[in-house]
Student: 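Here it is: the structure, laid out below.
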Amino acid sequence: MVVLPLLLMATGRLRAFKIPTRGMAPTLESGDQILMNGFTPGARSPHRGDVVVFRTDGIERINGSSIYTQRVVGEPGEHLQISRKGLLINGELVKISNVAGEIPYQISLELGPSVNFKNVEIPEGHYFVIGDNVANSFDSRFWGFLPAENILGRASFCYAPPSRVGSIK
């Protein structure tokens, strides 16, 4: 049974990452070590609620090349709005939950008007991602849409530290 994970790791379909920040807390904490399932041809594309791992290469407002982990909240072609009511997709209130319960996507007066969206259309081939630690995450609200080709895979399992071992939801 050890052969399959090793084969998947050798082909890049299973990769290990260490989480450097609290932008995805409480789902992922700084220091968590996770496994990411890479996409294979024919696999389903990311959906709302998935925690994705992606490269920042080519994202205009991000300097340098990094790997980020954030949650998909908006999919290609959707109209997204963040208001006092919360996250609206195509005019409907959408609730997304993590390990602590419902994530409070709302207008934040502290963050300023650049991150408060009246109604944006997510371009084809792009996603809108936000960290679960909404007040402390550098995400699509600041740098825009995530190109689909930057997505490496889904964060699926936390294997360390021992107190946090389990599936990523």
Side-chain angles (χ1 to χ4, degrees), residues 5 8-41 43-78 80-82 87 96 98-100 103-118 120-161 164 168-169:
L8 291 171
M9 289 181 96
T11 61
R13 298 291 177 219
L14 186 65
R15 292 178 63 185
F17 292 96
K18 185 172 183 177
I19 304 299
T21 70
R22 294 200 73 243
M24 276 296 294
T27 304
L28 298 171
E29 294 287 350
S30 178
D32 283 357
Q33 296 178 49
I34 67 166
L35 292 175
M36 175 212 72
N37 288 325
F39 291 113
T40 57
R44 78 169 176 86
S45 58
H47 292 300
R48 186 173 359 277
D50 288 347
V51 176
V52 294
V53 179
F54 59 94
R55 296 182 323 272
T56 62
D57 301 342
I59 297 176
E60 189 175 315
R61 294 185 185 117
I62 299 178
N63 294 329
S65 178
S66 295
I67 302 289
Y68 282 21
T69 305
Q70 295 178 342
R71 191 174 301 273
V72 172
V73 299
E75 299 178 41
E78 294 181 329
L80 179 137
Q81 179 180 3
I82 300 173
L87 175 68
I96 300 174
N98 62 18
V99 295
I103 302 168
Y105 299 113
Q106 295 178 339
I107 285 179
S108 174
L109 299 176
E110 309 85 58
L111 294 178
S114 66
V115 297
N116 298 318
F117 296 93
K118 298 288 184 210
V120 295
E121 182 175 355
I122 302 167
E124 288 302 321
H126 291 79
Y127 291 85
F128 199 93
V129 293
I130 299 180
D132 285 5
N133 187 354
V134 178
N136 190 26
S137 177
F138 185 56
D139 50 44
S140 285
R141 297 171 298 161
F142 297 93
W143 45 259
F145 304 111
L146 170 63
E149 64 265 15
N150 284 39
I151 299 175
L152 301 171
R154 283 183 203 85
S156 60
F157 190 79
C158 180
Y159 65 89
R164 299 203 25 93
I168 296 171
K169 296 177 174 112

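Fair warning: this is a prediction, and the values are worked out from it, not measured in the lab. In what follows, every heavy atom counts, from backbone to side chain, and hydrogens, waters and symmetry copies are set aside.
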Student: How close do Asp139 and Gly131 get, heavy atom to heavy atom, and via which atoms?
Tutor: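 Between these two residues, the closest heavy atoms are OD2-N, 3.2 Å.
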Student: Under a 4.5 Å cut-off applied to non-hydrogen side-chain atoms, are Val134 and Arg141 in contact?
Tutor: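 Of all side-chain heavy-atom pairs linking Arg141 with Val134, at least one is under 4.5 Å.
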Student: With Asp57, which residues qualify under side chain to side chain donor-acceptor pair (under 3.5 Å), at least two apart?
Tutor: Ser65
Student: For the residue pair Val73 and Tyr105, establish whether any side-chain heavy-atom pair is separated by less than 4.5 Å.
Tutor: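 Contact flag for Val73/Tyr105 side chains = yes.
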Student: If you compare all heavy atoms of Leu80 against all heavy atoms of Gly74, which two are closest, and at what distance to 0.1 Å?
Tutor: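 Taking every non-hydrogen atom into account, CD1-CA, 4.2 Å.
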Student: With side chains defined as the heavy atoms from C-beta onward, is the minimum distance between Ile96 and Ile130 less than 4.5 Å?
Tutor: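 Contact flag for Ile96/Ile130 side chains = no.
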Student: The criterion is salt bridge (Lys or Arg N to Asp or Glu O under 4.0 Å); which residues satisfy it with Glu29, sequence neighbours excluded?
Tutor: Arg22
Student: Between atom CG of Leu28 and atom CG of Asn133, what is the distance when rounded to the nearest 0.5 Å?
Tutor: 11.5 Å
Student: Under the salt bridge (Lys or Arg N to Asp or Glu O under 4.0 Å) test, which residues partner Asp50, sequence neighbours left out?
Tutor: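 Here the qualifying residues are Arg44, Arg154.
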Student: Go through the structure and list residues passing ring-ring contact (aromatic ring centres under 6.0 Å, His included) with Tyr68, not counting sequence neighbours.
Tutor: Phe54
Student: Can you see which heavy atom on Ser137 is nearest to which on Phe142, and at what distance?
Tutor: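 That closest heavy-atom pairing would be O-CE1, 3.2 Å.
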Student: For Glu75, what residues pass the salt bridge (Lys or Arg N to Asp or Glu O under 4.0 Å) criterion, not counting sequence neighbours?
Tutor: none
Student: Can you tell me how far the CE atom of Met36 sits from the CD1 atom of Ile151, to the nearest 0.5 Å?
Tutor: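 Answer rounded to 0.5 Å: 11.0 Å.
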Student: Just verifying a value: how many Å separate Ile103 CD1 and Leu87 CG, rounded to the nearest 0.5 Å?
Tutor: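 The CD1 atom of Ile103 sits 9.5 Å away from the CG atom of Leu87.
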Student: Would you please name every residue forming a side chain to side chain donor-acceptor pair (under 3.5 Å) with Thr27, sequence neighbours left out?
Tutor: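 Counting only residues at least two positions away or on another chain, Thr27 forms a side chain to side chain donor-acceptor pair (under 3.5 Å) with Arg71, Asp132.
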Student: For Leu146 and Ser140, which heavy atoms make the closest approach, and how far apart are they?
Tutor: N-OG, 4.4 Å
Student: Name all residues meeting the side chain to side chain donor-acceptor pair (under 3.5 Å) criterion together with Gln33; count only those two or more places apart in sequence or in a different chain, and write none if there are none.
Tutor: Tyr159
Student: Holding to side chain to side chain contact (heavy atoms under 4.5 Å, CB included), I want the full list of residues that pass it with Pro147, two or more places apart in sequence or in another chain.
Tutor: Ile59, His126, Glu149, Asn150
Student: If you take all heavy atoms of Gly31 and Pro161, which pair is closest and at what distance?
Tutor: O-CD, 4.4 Å
Student: Which pair of non-hydrogen atoms, one from Arg61 and one from Phe138, has the smallest distance, and what is that distance?
Tutor: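 Reported closest heavy-atom pair: O-CZ, 3.9 Å.
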Student: Keeping Ser66 on the side-chain end and Thr56 on the backbone end, is there a donor-acceptor pair under 3.5 Å?
Tutor: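 Judged by distance alone, no pair lies under 3.5 Å.
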Student: Can you find a heavy atom in the side chain of Phe128 that is under 4.5 Å from one in the side chain of Phe145?
Tutor: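 SC-SC contact between Phe128 and Phe145 confirmed.
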Student: Given Arg15, which partner from the list Leu152, Val53, Leu35 fulfils the side-chain contact (heavy atoms from CB on, under 4.5 Å) test?
Tutor: Leu152
Student: Passes side chain to side chain contact (heavy atoms under 4.5 Å, CB included), Lys169 versus Asn98? Steps please.
Tutor: CA-CA 6 Å; Lys169 296 177 174 112; Asn98 62 18; over 6 Å; no
Student: Not counting sequence neighbours, which residues clear side chain to side chain donor-acceptor pair (under 3.5 Å) with Arg164? List them please.
Tutor: Asp32
Student: Is there a donor-acceptor pair closer than 3.5 Å between any side-chain N or O of Ser30 and the backbone N or O of Pro20?
Tutor: yes
